[in-house]
*Asks:* 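Input: one structure, supplied below.
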Amino acid sequence: MPDTMEVLSFDIQGKFAHFRKFHGNNTAMSYSIPPRTTIIGILAAISGEEKDSYYQRFQSEHLPIGIRVLDDIKKSFHRLNYLKITGLSDFTGQKGRIQTPFEVVTAHDVKKDLVSYRIYIKAGDSADLYNHLKDMLLSSERSFNISLGIAGFSAFISNVEIAEAETITLDGEWVDIHSACNSEQVLEIDFPDDPEVKFNHIEEELLPADFIGDEKGRELYRMNRVLFATRRFPVHVKLNGTYHKISHNGNNENIQFLEYAGVFSQQTE
């Protein structure tokens, strides 16, 4: 009998997105996909968690998460006019303004299309947390507004589905992975001869995964090193690891859940 599990997925879409790179300084660069820390913030908003109260409860071992790019995306820089603030009296604009580069994620056709991602979650060590989020998503309940990164980039959720996923382990075999995959498990990447898929744009990023929480608050704890396509096509990889095969309306998706690549700082016991 194949090894199976329940996976809940939903699509999140919006006109614009910005997931600020935490190592940026005066230039607001953006990741192409939401880091795990952003995704748990979206889930916490749906669940009604208080700000900064949920970091330990939503850590990787309690709630495994995967993500897929559904439609082609691109990034572009824009200039934002901010007030130049050097003291308390400068909020009137007396010191003028300062232009700051700001990177925005959009669909390839900004006029017609949306930034679209598919999020996957499964039960980890905390089945209660997964079941609570499942109930909230299936009932379309939202405690707070959700966005794609910053508050002004509002988003909406659709296509909430529950599916059985078959767990498959490979030892250096080729497979199409539709979601972001864990870089350490990818041995090779292949680009098919199909002209459309051949120029699939692939990125590798080191993304924030977990915060420590409690008295240390938003101090970064773990990171994910991931490989993903910024177009709607899967990545053809030689994989040494485990993936999960999901059927969606007759179509198969091969996904991975994000695994942390290492500890960034020490968590207090």
Side-chain angles (χ1 to χ4, degrees), residues 9-22 24 27-39 41-42 65-80 99-120 145-161 175-183 186 189-208 224-237 246 248-256 258:
S9 66
F10 62 90
D11 299 347
I12 183 166
Q13 298 174 298
K15 199 66 177 176
F16 305 103
H18 174 81
F19 313 111
R20 183 163 184 160
K21 294 186 176 182
F22 73 96
T27 300
M29 296 183 294
S30 175
Y31 297 111
S32 296
I33 62 174
R36 189 183 179 281
T37 48
T38 300
I39 297 171
I42 292 169
I65 291 173
I67 180 170
R68 175 187 180 182
V69 175
L70 282 180
D71 291 307
D72 299 357
I73 55 175
K74 65 179 181 179
K75 294 191 288 187
S76 56
F77 272 104
H78 304 266
R79 294 277 178 173
L80 298 185
Q99 287 196 336
T100 301
F102 186 83
E103 194 171 30
V104 178
V105 182
T106 64
H108 268 227
D109 190 333
V110 181
K111 291 183 179 180
K112 295 192 301 183
D113 299 324
L114 298 172
V115 180
S116 302
Y117 304 102
R118 178 164 291 160
I119 308 296
Y120 309 89
N145 184 51
I146 60 173
S147 62
L148 287 174
I150 64 174
F153 291 167
S154 295
F156 63 91
I157 286 175
S158 61
N159 298 331
V160 180
E161 294 186 8
V175 64
D176 286 334
I177 300 293
H178 297 82
S179 69
C181 51
N182 300 296
S183 297
V186 175
I189 305 173
D190 178 58
F191 293 89
D193 291 331
D194 185 323
E196 191 173 22
V197 183
K198 188 174 184 178
F199 298 101
N200 198 8
H201 186 197
I202 296 174
E203 294 184 9
E204 183 180 29
E205 283 279 15
L206 191 63
L207 304 174
N224 298 127
R225 186 178 294 278
V226 299
L227 194 75
F228 59 91
T230 60
R231 302 189 67 195
R232 62 188 182 278
F233 305 112
V235 182
H236 193 58
V237 299
I246 303 174
H248 273 285
N249 300 321
N251 298 317
N252 291 328
E253 288 182 288
N254 300 326
I255 72 161
Q256 282 196 310
L258 304 180

*Asks:* Is the backbone of F19 close enough, under 3.5 Å, to the side chain of S30 for a donor and an acceptor to pair up by distance?
*Replies:* yes
*Asks:* Heavy-atom distance under 4.5 Å between the side chains of H178 and R118, does that happen here?
*Replies:* no
*Asks:* Hey, are the side chains of V237 and D190 touching, using non-hydrogen atoms and a 4.5 Å cut-off?
*Replies:* no
*Asks:* Hey, could you give me the NZ/CZ distance between K15 and F156, rounded to the nearest 0.5 Å?
*Replies:* 10.0 Å
*Asks:* May I ask you to check whether S183 and E204 show a side-chain donor-acceptor distance below 3.5 Å?
*Replies:* yes
*Asks:* So which atom in Y31 and which in P35 form the shortest heavy-atom distance, rounded to 0.1 Å?
*Replies:* CD1-CG, 3.6 Å
*Asks:* Please test T106 against K74 for side chain to side chain contact (heavy atoms under 4.5 Å, CB included), starting from the C-alpha separation and ending with a verdict.
*Replies:* CA-CA 6 Å; T106 64; K74 65 179 181 179; 3.6 Å; yes
*Asks:* Donor-acceptor pair, H108 side chain versus I73 backbone, under 3.5 Å?
*Replies:* yes
*Asks:* Checking V69 against T230 for the side chain to side chain contact (heavy atoms under 4.5 Å, CB included) test, could you report, in this order, the C-alpha distance in whole Å, the side-chain angles of both residues, the deciding distance, and whether it holds?
*Replies:* CA-CA 6 Å; V69 175; T230 60; 5.6 Å; no
*Asks:* Could you measure the distance from the OH atom of Y117 to the CG atom of D71? Nearest 0.5 Å is fine.
*Replies:* 10.5 Å
*Asks:* Let me know which of I67, I246, L258 forms a side chain to side chain contact (heavy atoms under 4.5 Å, CB included) with Y120.
*Replies:* I246
*Asks:* S179 side chain to Q256 main-chain N or O, any donor-acceptor pair under 3.5 Å?
*Replies:* yes
*Asks:* Under 30°, 30 to 60°, or over 60°: which ring-plane class applies to F102 and F153, parallel, tilted or perpendicular?
*Replies:* perpendicular
*Asks:* Show your reasoning for whether side-chain hydrogen bond (donor to acceptor under 3.5 Å, both in side chains) applies to S116 and Q13.
*Replies:* CA-CA 4 Å; S116 302; Q13 298 174 298; 2.9 Å; yes
*Asks:* Check this for me: does any side-chain nitrogen of one of D72 and R232 sit under 4.0 Å from a carboxylate oxygen of the other?
*Replies:* yes
*Asks:* To the nearest 0.5 Å, how far apart are CD1 in I119 and CD1 in I39?
*Replies:* 4.0 Å
*Asks:* With side chain to side chain contact (heavy atoms under 4.5 Å, CB included) as the criterion, how do H18 and V104 come out once you've worked through the C-alpha distance, each side chain's angles and the decisive distance to 0.1 Å?
*Replies:* CA-CA 5 Å; H18 174 81; V104 178; 5.6 Å; no
*Asks:* Distance-only, no hydrogens or angles: does the E205 side chain make a donor-acceptor pair with backbone N or O of R225 under 3.5 Å?
*Replies:* no
*Asks:* Can you give me the closest heavy-atom contact between A28 and F77, atom names plus distance?
*Replies:* O-CE2, 4.3 Å
*Asks:* Nearest 0.5 Å, please: how far is CG in L114 from CG in L70?
*Replies:* 11.0 Å
*Asks:* Under 3.5 Å, is there a donor-acceptor pair between the E203 and S32 side chains?
*Replies:* yes
*Asks:* Ignoring hydrogens, what is the shortest heavy-atom contact between S76 and H78? Give both atom names and the distance.
*Replies:* OG-NE2, 3.0 Å
*Asks:* What heavy-atom pair brings V186 and C181 nearest, and what distance separates the two atoms?
*Replies:* CG2-SG, 3.9 Å
*Asks:* Determine whether a donor-acceptor pair (N or O, by modelled atom type, separation under 3.5 Å) exists between the side chain of H236 and the backbone of I189.
*Replies:* no
*Asks:* Any donor-acceptor pair under 3.5 Å linking the side chain of D113 with the backbone of A107?
*Replies:* no
*Asks:* Is there side-chain contact between R20 and M29, with heavy atoms separated by less than 4.5 Å?
*Replies:* no
*Asks:* Give the minimum heavy-atom separation between F22 and P208, together with the two atoms involved.
*Replies:* CD2-CG, 3.9 Å
*Asks:* What distance separates T37 OG1 from I42 CD1, expressed to the nearest 0.5 Å?
*Replies:* 10.0 Å
*Asks:* Start with the C-alpha distance between K21 and E103, add both sets of side-chain angles, then the distance that settles salt bridge (charged side-chain N to carboxylate O under 4.0 Å, His left out), and finish with yes or no.
*Replies:* CA-CA 10 Å; K21 294 186 176 182; E103 194 171 30; 5.5 Å; no
*Asks:* Give the minimum heavy-atom separation between P234 and D176, together with the two atoms involved.
*Replies:* CB-CB, 3.9 Å
*Asks:* Kindly indicate, with the supporting measurements, whether the criterion side chain to side chain contact (heavy atoms under 4.5 Å, CB included) is fulfilled by I157 and D11.
*Replies:* CA-CA 6 Å; I157 286 175; D11 299 347; over 6 Å; no
*Asks:* Without swapping roles, check the side chain of D109 against the backbone of K111 for a donor-acceptor pair under 3.5 Å.
*Replies:* yes
